[in-house]
Amino acid sequence: MAEVITMPRLSDTMTEGKVSKWHKKVGDAVKEGDILAEIETDKAVQDFESEINGTLLYIGVEESGQAPVDSVLAVIGKEGEDISALIGGGAKSEEKKVEEEHKTENQSTAVENNEESVSTDIPEGVEVITMPRLSDTMTEGKVAKWQKNVGDAVKEGDILAEIETDKAVQDFESEFDGTLLYQGVGEGDAAEVDKILAIIGPAGTDVSGIVSGGGKKAAAPITEAKAETKTEEKQESAPVAASSTGDRVAISPLAKKIAQDKGIDFSGIKGSGENGRIVKKDVENYQPSAQPAAAASAPKAAPAQPSVAFTPGEDSETPNSQMRNVIAKRLAESKFTAPHYYLTVEINMDKAIEARKEMNSVPDTKVSFNDMVIKAVAVALRKHPQVNSSWAGDKIVHHGNINVGVAVAVPDGLVVPVLKNTDYMNYNEISAAVKDMAGRAKTKALKANEMEGSTFSVSNLGMFGIETFTSIINQPNSAILSVGAIIEKPIVKNGQIVVGNTMKLSLACDHRVIDGATGAQFLQTLRTYLESPLTLLLG
């Protein structure tokens, strides 16, 4: 039976896509992994590959045409199959409507910009670089450090600046060759996403008109999109060379997204596509081998917590970092919008201590109690999917994956690296991943996608001797587990007072999603797993 292929949403902000080029025409045979078309989004041009086998029976959007996300892009089925019921003439009329609206919009834009056309024209060879959106929650970025000064020569791939987002500091590379003509944001200053960050072009070019116009021009996004297209085409045209250098990996956008969602390092995947290109089925069939061992390599030494000078009788000030500002905003929103309540349980850790001692007697194994808690949490979430859910206004989203976020303290505050599909990870994989990401978090080397997508969070202050505490929920999660220290104290066992080891867990819940009984049942299951570690094998 024929299948309708719709315009994909290739980025979080994408509302419509433009077909830059069709790689198949009506009547051509199509195999899974074949590139159907090049789709231009609001950010870049990406290859769009087929997920099914068959014949291309219908094209809903012609080359250079645009269509909203989820509208009919193509139909694939058996050769000669009747697809009139699938397209029904609606696709064409909708496409026409979109084109007319787009045409009208372009005409009105041209009229609005007519008065300032002189000041906003971009000289040939000049490229306007805007503040990039480096994470889903980023609304503005702060330039932590400029790596190039005005007048410096810039090559494609050179680091222009270090951009501090709400989650980390990331290197921002140039996609163009030229001279740095203008810096739109001073070092240490912040600017909203899409504001002018820099201008690159031939040395001596006058860019005052662009600066005075605020960079708001019709030609700039197209120019940047073409530049990104050029970069991607360059990457795709030489996949063998890219793989050999290790700098870039030839992988389709869909395969890359699946790999990121599953927490898979795709640099180690062997591609079966054209010229060794990694496609969807390569990621889905990938079986990790010694990957965790490599991830367990010793992280770089974390910089010391910046000390605050104390002078008797004198106040001092520390400017807030971008991370600190966003943490304050997010935690306040969580605390005052989500009705928190707390459940506390005390766990007997005697058997967990014995189990950990046995596991760590195996060569090259180093499992912490925190690793054991994370594993127990992931398996318990399978049995209690309501706890692995999020509030979404008029509905509750029950997540299909279990992604546990692990709170890590850094000098500027707190970040939450995410272990994707934690319930499928063993102790060694959890241990290696936590050590790797915690080490990189403290050196601000985590990538944005490594801190997104959590469905539940764990915060552990036991190493500081804190016996019990409560945490603020890391939204959009509906719960966070606070883990205290293991304390040796008298306990009652079989009617006798003996010395035992206990640990307190506190669960903060969003009452809009998790009722008290549901939270209590989750903690009961978690308690069973930690007090009898062998039961995890049955989870």
Side-chain angles (χ1 to χ4, degrees), residues 4-17 41-43 67-73 90 94 97-98 101 133 135-140 166-167 192-194 257-258 260-262 326-343 377-378 380-405 407 416 418 420-423 448-449 451-459 470-481 507-523 525:
V4 175
I5 312 299
T6 57
M7 178 65 74
R9 187 184 301 277
L10 298 174
S11 74
D12 294 335
T13 56
M14 176 179 171
T15 57
E16 66 176 13
T41 73
D42 55 335
K43 296 180 179 178
V69 169
D70 295 332
S71 60
V72 178
L73 177 64
E94 184 173 335
K97 179 182 176 183
V98 171
E101 289 177 353
R133 187 184 302 277
S135 74
D136 291 339
T137 56
M138 177 179 171
T139 56
E140 66 176 15
D166 54 333
K167 296 180 178 178
E192 294 179 359
V193 169
D194 295 332
K257 186 177 187 303
I258 294 172
Q260 290 174 342
D261 290 344
K262 291 187 174 183
V326 174
I327 287 174
K329 180 181 178 182
R330 295 281 183 262
L331 293 183
E333 287 175 352
S334 178
K335 187 67 175 177
F336 297 121
T337 60
H340 287 52
Y341 72 91
Y342 305 94
L343 302 171
V377 162
L381 287 172
R382 284 187 192 170
K383 294 185 176 294
H384 303 277
Q386 188 71 15
V387 181
N388 195 54
S389 304
S390 297
W391 179 259
D394 59 346
K395 60 188 175 184
I396 294 174
V397 178
H398 306 288
H399 300 291
N401 293 325
I402 294 174
N403 302 330
V404 178
V416 186
V418 181
K420 304 290 176 67
N421 298 292
T422 320
D423 50 327
N449 67 292
M451 294 178 281
E452 297 171 351
S454 67
T455 58
F456 185 94
S457 300
V458 173
S459 179
T470 56
S471 303
I472 298 175
I473 296 168
N474 178 36
Q475 290 194 352
N477 299 173
S478 293
I480 182 170
L481 185 72
L507 183 69
C509 301
D510 182 343
H511 215 321
R512 297 174 300 178
V513 180
I514 304 171
D515 294 330
T518 303
Q521 289 164 0
F522 171 78
L523 281 180
T525 302

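Residue numbers start at 1 and run along the sequence shown. Values reported hereafter were calculated over all heavy atoms of this structure, with side chains retained and with hydrogens, waters and symmetry mates removed.
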Over all heavy atoms of both residues, which pair between [X] and [Y] is shortest? Give the atoms and the distance, please.
{"X": "L343", "Y": "G519", "answer": "CD1-C, 3.5 Å"}
{"X": "T337", "Y": "Q475", "answer": "OG1-NE2, 3.5 Å"}
{"X": "S334", "Y": "I472", "answer": "OG-CG2, 3.7 Å"}
{"X": "S71", "Y": "P68", "answer": "OG-O, 2.6 Å"}
{"X": "R512", "Y": "A338", "answer": "NH2-CB, 3.7 Å"}
{"X": "D510", "Y": "P339", "answer": "OD1-CD, 3.4 Å"}

Is any side-chain heavy atom of N474 closer than 4.5 Å to a side-chain heavy atom of S459? no
E333: salt bridge (Lys or Arg N to Asp or Glu O under 4.0 Å) partners, not counting sequence neighbours: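 Checked E333 against salt bridge (Lys or Arg N to Asp or Glu O under 4.0 Å); matches are R330.
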Is the backbone of [Y] close enough, under 3.5 Å, to the side chain of [X] for a donor and an acceptor to pair up by distance?
{"X": "D423", "Y": "L381", "result": "no"}
{"X": "Y341", "Y": "G516", "result": "yes"}
{"X": "N403", "Y": "G453", "result": "yes"}

N401 side chain to T455 side chain, donor-acceptor N/O pair below 3.5 angstrom: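 No - no donor-acceptor pair under 3.5 Å links their side chains.
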Just how far is it from atom [atom1] of [X] to atom [atom2] of [Y], taken to the nearest 0.5 Å?
{"X": "C509", "Y": "I480", "atom1": "SG", "atom2": "CD1", "result": "11.0 Å"}
{"X": "S454", "Y": "K420", "atom1": "OG", "atom2": "NZ", "result": "9.0 Å"}
{"X": "L523", "Y": "L481", "atom1": "CG", "atom2": "CG", "result": "7.0 Å"}
{"X": "H384", "Y": "N388", "atom1": "NE2", "atom2": "CG", "result": "12.0 Å"}
{"X": "E16", "Y": "M7", "atom1": "CD", "atom2": "CE", "result": "8.5 Å"}
{"X": "L507", "Y": "I473", "atom1": "CG", "atom2": "CD1", "result": "8.0 Å"}

Quiz: residues 392-400 side-chain donor-acceptor pairs under 3.5 angstrom, not counting sequence neighbours:
unit_1: H398; atom_1: ND1; unit_2: S389; atom_2: OG; d: 2.9
unit_1: H399; atom_1: NE2; unit_2: S390; atom_2: OG; d: 2.7

Restricting to side-chain contact (heavy atoms from CB on, under 4.5 Å), what partner residues turn up for T518, sequence neighbours left out?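 Residues passing side-chain contact (heavy atoms from CB on, under 4.5 Å) with T518: Q386, V387, I514, D515.
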Please work out which of the three classes, parallel, tilted or perpendicular, describes the rings of F522 and F456, given edges at 30° and 60°.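 The arrangement is tilted - the two ring planes meet at 30° to 60°.
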